[in-house]
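In what follows, a single structure is set out as structure tokens and then discussed.
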Amino acid sequence: MRIRRMLGLALAAATVVGNSAFGAVSAQAAGAPNITREECTAAGGQITARPYAGESCTLPDGSAQPIT
């Protein structure tokens, strides 16, 4: 009985950790979409260089996205 309880707790912990990791990856992907240089200029954006951070695209609505 004790072994069954420990296995159940281990399985529950693994499930929670797996769901947390999946949620973090999904949130990051949805939060900051990347854009290419061509897409930036086609949308009327301006490419700006950021020291130690690469380039970003500043769109006409004021939002900025990293360039891939």
side-chain hydrogen bond (donor to acceptor under 3.5 Å, both in side chains) involving Arg37 - partner list, sequence neighbours excluded: Glu55
Gln65 and Cys40, any side-chain heavy atoms less than 4.5 Å apart: no
Connected-component partners of Ile35 among ILVMFWY, side-chain separation under 4.5 Å: Ile47, Ile67
Nearest heavy-atom neighbours spanning Cys57 and Gly45: SG-CA, 4.2 Å
By side-chain hydrogen bond (donor to acceptor under 3.5 Å, both in side chains) - contacts of Thr68 (at least two apart): none
